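The structure appears below as C-alpha cells.
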Number of protein chains: 2
Amino acid sequence: IAKEVAKLLELKAQLGEDEGKHKFVLKTPKGTRDYGPKQMAIRERVFNAIISCFKRHGAEVIDTPVFELKETLTGKYGEDSKLIYDLKDQGGELLSLRYDLTVPFARYLAMNKITNIKRYHIAKVYRRDNPAMTRGRYREFYQCDFDIAGQFDPMIPDAECLKIVHEILSDLQLGDFVVKVNDRRILDGMFAVCGVPDSKFRTICSSVDKLDKVPWEEVRSEMVGEKGLSPEAADRIGEYVQLHGGLDLIEQLLQDPKLSQNKLAKEGLGDMKLLFEYLTLFGITGKISFDLSLARGLDYYTGVIFEAVLLHQENEHVEEPLSVGSVAGGGRYDGLVGMFDPKGRKVPCVGVSIGIERIFSILEQRLEASEEKIRTTETQVLVASAQKKLLEERLKLISELWDAGIKAEMLYKKNPKLLNQLQYCEETGIPLVAIVGEQELKDGVVKLRIVATREEVNVRRESLVEEIRIRTSQC
Amino acid sequence: IAKEVAKLLELKAQLGEDEGKHKFVLKTPKGTRDYGPKQMAIRERVFNAIISCFKRHGAEVIDTPVFELKETLTGKYGEDSKLIYDLKDQGGELLSLRYDLTVPFARYLAMNKITNIKRYHIAKVYRRDNPAMTRGRYREFYQCDFDIAGQFDPMIPDAECLKIVHEILSDLQLGDFVVKVNDRRILDGMFAVCGVPDSKFRTICSSVDKLDKVPWEEVRSEMVGEKGLSPEAADRIGEYVQLHGGLDLIEQLLQDPKLSQNKLAKEGLGDMKLLFEYLTLFGITGKISFDLSLARGLDYYTGVIFEAVLLHQENEHVEEPLSVGSVAGGGRYDGLVGMFDPKGRKVPCVGVSIGIERIFSILEQRLEASEEKIRTTETQVLVASAQKKLLEERLKLISELWDAGIKAEMLYKKNPKLLNQLQYCEETGIPLVAIVGEQELKDGVVKLRIVATREEVNVRRESLVEEIRIRTSQC
C-alpha cells in the first residue's frame, strides 16, 4: 500500500507541476485597476470638463516624469512620507514615484528659474496607502492640478482657485457640495493661543486633520495620550475647531480677545476676510464654509487651505450610496519653491488639485444604475458586403473612406454574413452601413443603410463621403 | 599659523554647511525630461494626429497601471529584460514599471477573458536603456499602441496596422519614410535552412536585429565569435539578410530551392504575399519594403513584424539633421495572451506602436528653426481696467465671462497699468481686451479692444459674451 501511495503522490506532484506552468497570479497590483473602454468613456468626459475649465482660466499645461530623484521628495510630506513608493537600487540614481504633482511643479519652477506661471498638470500619482477601491481610494490615481505661481496682490489667485473648484463640481453635477476653507496661519495662531508648544504644531495639526473622519473625542485623546498635549490646551482647541461659518465668523474671530492678539492669526483672518469679499463678487459664497477644523496634512502649506466635500449623493435609487468625502483640495505654499532654489529664492504659489477617482466612482455607479448605453467608439460607417468574394472591394472602399477622413470599420473576415455585419452595428452603435454588392459595383453606386431606420439608399460612389458626412454631422 | 588655518578651515566648513542646506541636485532623473508649455503644444498636435487615426479605424481605448506584478513581465522580453525598472521591496507585492504596453494588454485580455477587441492605449513606458536624448531616446517615453485581438482571416488586421502607420507618418509630414516588413516564420525558416541549431534561433535573431545600426561584418563576427555559430551558417544568413523588395522578391523566395522546402518559411512567405496584395489595394506598397534583415528583438512575436524608418529629414536649413531611425514598429504575437491564461487559451493579436519621442525631437527642432510662434493658452479675452480702484469690477466681469464659457484672464494686481495689461496680451497672443472704466460702467458698456488692429469698440454689457464669441469664432 505504501508503495502505491508513494506512486500516486508522485503522479499528483507531476500534475501539479504541469498546472503550475501557467499558474500566474492574474491581477493588477494592489490598489490599482485597469480602465476598460466604458470606464475610459466616463474618464474622458470628466477630463474634458476639468480641462476646459482650466483652459477657460488661461492655464498652460506641463508634464514631468513619473519618478523624481528620491531626495526631491524628501522632507515635503510630513508623516505621509512613509507612503512614498521607492524604486529598487539597480545602480545609478535613487528614485521615487511622485506622491503628488505639487512638489514636482516646485522642482520644475526652481530648475527653470520660472517665477510666474499659471499651469495645469493632469497625471497619475502614487501612494502606498490602504486602498478602499469601492470608495475611489487607490494607490495609483489621477490628480488634476491647477496652480498659479508668482508675486501678486493678496487673495486674487486664491479666490480664482476656489472659483475653479466651484465651476468644476457644478459642471459635473455630482450633487450638493461644500468647500471648506481655512488658513495655516489661523491654525498656527490658534495652536499658539491654546498653549500648544511650537515644536508640536505640525503633529497636532495632523491630529486636527483627522476630524473629518473621526469624532473629536478620539482626536482629543490622540492629542493628549499619544502626543502629550495638556488636556487644557486640547479643550481650548476643541472649542475653536467646532466653529464654521462665513464673513460673520471671520469678524467674530477678528474680535476674539486671544486670537486677535496673535500676529499670524490676525494676518490669516484679514486675508480670509478679503478672500470672502472676492468670493462674494464671484457669487459663490453659498457653497464656501470657513471651517476651523480643516487642517490638511501636507507640510508645505503656508496660507489658505481648502477642501471640497460632496454632501450626499443625488441618485437615490442606488441602494447604498457611496460615502465619498473629499473630491478636491489645495492651498497656498509660498515656501516650497524656495526649498529647491540654491539661493532659497521664494516663488509664492497657490493651487488646487481635483481628485477624480472618487468622482469616477460616483459617475460609474450612476451610469450602471441608469443603464444608459454609451458608445466606446466613434465609427461612422461599417463597410459591408452582401455577397461572397467581395473582400477586395471592401478593402478598396474602406481605404478610400479612411483617406477621406471617414471613421470606418469592416469585419476581418473574407466572407462575413450580412446579418453578422448588421448585428455588429447594432452592438457597437455604428449608425451607417455602406454595402458593396455585384450589382452596385456595376452601377457605380454603394448602398447606404441607416441602421436606426433600416432605410436603404443607393449613393453614387463619388458622393459617398459627402453623404456619410451629412448623415453623421451631429456626431 | 596652524591655529589660524584651523580657524579658517572651521569657518569654511561652517559656510559649506550653510550652503549645503539648499544644495539639492536640481534635475530630473537620468533619461527623463520635463515638458514645458511649448513642448506640450507640439505633443498635443502629435497626439491629436495619432488619436484621430486610431479612432478613424474604430478603436476603443483602455488604460492599465504604470506598474505590473514583476512576474507578469518575466520571460517576455528576451535579452532586454535586464532593462526593466523594478520597484523596491517595501513589503507586499514585487512590482516593476511596464516596459511596453503590449504585455499589459495581453494580461488585460487574459484577466478579463476578452477574445475580441480593437483598442488603442497611449501611455508612458520605462526602460533602463542608455539614453540619447537629443535623438529622442529616453528612459521614460510615450508609446501609442493600436492592437487588434481576435481570431480572423489571415492578414486583414495585419494589413490595417500597416495602413495606420502609413496614415500617421504621412499626416505628420515628417519627410520620406519606409516601412520594413518581415515575418518571424520566414526568419526561423531561414535560420533552419542556413544550419542554425534550434536552440540558437533567438540569440541569432537578436544579432540580426542589430543590422540597422552596425554593418554585416560586425554582426557576423558576433554570431561566429560570441554565439558560436559556424562561419558557413553565418555566411548563408548573410546572403539572405541583404535581400529586400516587394512582391517580386516574395515570388523569388517562394521558388528558392531551400526556403521553399521549409514549412515555416513557406507559410510566412504565403502570408507575406497575401499581405502585399492587400497593401496594393490600400495603395501603399510604394513605402513598404519586404526586408529579410528585419528581426525585432522582442521574444513574443510569432508572425509578421514591421518597423517604420524615416529616410532623411526634410528641413534642410537645420545644420545637423537628426539621425532618427525607427519611429514605429509592431507585429503579430499570437502566443502572448495564452502565456497568461490558466488554460493556455490563445488569442491571436497584431499591433503597432508609434514611438513619439523621436517624432517630437524632429518637430521640436523644426519649430525652433522656423521661429513660428505657438500659443500655449487659448485665452480669448483679457479683462482689464484703465483706471485704479476697479479690481472689484474686473472680478465681477471676469466671473460673468467664465460662467458664460468664455476663456478669460486678468492680471492678479489691484491696480495694474493699462500698458502692462496690453503687453501681456501681445506676449501671450490674447486677441481681445475687455476694458472696464468709470465712464463705461456708467454707460453700461465695456470697451472691447482688438489687439491686432488696436481698434476699440464700445459693446453693451449684455452683448459682450456674444461679441467675444463672434470675434474669436475662428479660434
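A quick note: this is a predicted structure, and the numbers were derived from the prediction, not measured.
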field: Proximal component of A/Lys118, with respect to chain B [non-hydrogen, under 4.5 Å]
entry: side chain

message: Which atoms of A/Lys414 are under 4.5 Å from chain B, going by heavy atoms: the side chain, the backbone, both sets, or neither?
response: both

- line: Max heavy-atom pairs within cutoff under 4.5 Å with chain A, candidates B/Lys30, B/Glu392, B/Arg119, B/Arg128, goes to B/Arg128

- prompt: Tell me, side chain or backbone of A/Leu279 under 4.5 Å from chain B's heavy atoms, or both, or neither?
  reply: neither

- prompt: Once you round to the nearest 0.5 Å, how far does CD1 of A/Ile398 lie from CG of B/Leu281?
  reply: 12.5 Å

task: Please state whether the side chain, the backbone, both or neither of A/Arg43 comes within less than 4.5 Å of a heavy atom of chain B.
output: side chain

- request: Select one option (side chain, backbone, both, neither) describing which atoms of A/Gln151 are under 4.5 Å from chain B's heavy atoms.
  value: backbone

- request: Determine the interplanar angle of the B/Trp402 and A/His57 rings, folded into 0 to 90°, and report it as parallel if under 30°, tilted if 30 to 60°, perpendicular if over 60°.
  value: tilted

statement: Highest number of heavy-atom pairs under 4.5 Å with chain B among A/Asn112, A/Leu382, A/Thr376, A/Leu97 belongs to A/Thr376

- line: So, the part of B/Leu395 with a heavy atom under 4.5 Å from chain A: the answer is both

- prompt: Of the backbone (N, CA, C, O) and the side chain (C-beta and beyond), which part of A/Ile406 lies under 4.5 Å from a heavy atom of chain B, both, or neither?
  reply: backbone

field: Closest contact, heavy atoms only, B/Pro342 versus A/Leu26
entry: CD-CD2, 4.5 Å

Taking every non-hydrogen atom, the tightest pair across B/Asp63 and A/Met40: CB-SD, 3.8 Å

- request: Under 4.5 Å heavy-atom distance to chain A, tell me which part of B/Lys163 shows up: side chain, backbone, both or neither.
  value: side chain

- prompt: Which bit of B/Leu391 is near chain A, if near means a heavy-atom gap under 4.5 Å: side chain, backbone, both or neither?
  reply: side chain

task: Name the region of A/Gln90, side chain, backbone, both or neither, that has any atom closer than 4.5 Å to a heavy atom of chain B.
output: both

- prompt: Taking the six-membered ring for Trp, are A/Phe67 and B/Tyr126 parallel (under 30°), tilted (30 to 60°) or perpendicular (over 60°)?
  reply: tilted

query: Highest number of heavy-atom pairs under 4.5 Å with chain B: which of A/Met155, A/Lys88, A/Arg139?
result: A/Lys88

task: Answer with side chain, backbone, both or neither: which region of A/Glu93 has an atom nearer than 4.5 Å to a non-hydrogen atom of chain B?
output: side chain

- prompt: How long is the span from the OH atom in B/Tyr412 to the CD1 atom in A/Ile156, to the nearest 0.5 Å?
  reply: 9.0 Å

Residues B/Glu378, A/Lys55: salt bridge by 4.0 Å N-O rule: yes

statement: residues 104-111 of chain A vs chain B, non-hydrogen distance cutoff under 4.5 Å, contacting residues -> A/Arg107, A/Tyr108, A/Ala110, A/Met111

statement: If one checks every heavy atom of A/Leu69 against chain B at 4.5 Å, the contacting part turns out to be both

field: Contact class of B/Lys124 relative to chain A, heavy atoms under 4.5 angstrom
entry: side chain

- prompt: Is the count of non-hydrogen atoms from other residues, nucleotides or ligands lying under 6.0 Å from A/Lys82 atom NZ greater than 12?
  reply: yes

Residue, of A/Pro154, A/Gly405, A/Gly92, A/Gly283, that accumulates the most heavy atom pairs under 4.5 Å with chain B: A/Gly405

- prompt: Does a sphere of radius 6.0 Å around NZ in B/Lys413 hold more than 12 heavy atoms from other residues, nucleotides or ligands, not counting ones at 6.0 Å or beyond?
  reply: yes

query: So which of A/Lys396, A/Glu68, A/Glu400, A/Glu160 has the largest heavy-atom pair count under 4.5 angstrom toward chain B?
result: A/Glu160

Heavy-atom contact with chain B under 4.5 Å, split by part of A/Ile430: neither

statement: Counting heavy-atom pairs under 4.5 Å with chain B, the top scorer among A/Thr32, A/Thr379, A/Asp34 is A/Asp34

query: Does some side-chain heavy atom of A/Asp403 sit less than 4.5 Å from a side-chain heavy atom of B/Glu167?
result: yes

- prompt: Does some side-chain heavy atom of A/Pro37 sit less than 4.5 Å from a side-chain heavy atom of B/Val61?
  reply: no

query: Who wins among B/Ala159, B/Gly58, B/Pro29, B/Ser399 for the most heavy-atom pairs under 4.5 Å with chain A?
result: B/Pro29

message: With a 4.5 angstrom heavy-atom cut-off, is it the side chain or the backbone of A/Leu401 that approaches chain B, or both, or neither?
response: neither

Residue among A/Asp86, A/Ile114, A/Thr28 with most heavy-atom pairs under 4.5 Å to chain B: A/Asp86

query: Between A/Glu140 and B/Val66, what is the shortest heavy-atom contact and its length?
result: OE2-N, 2.8 Å

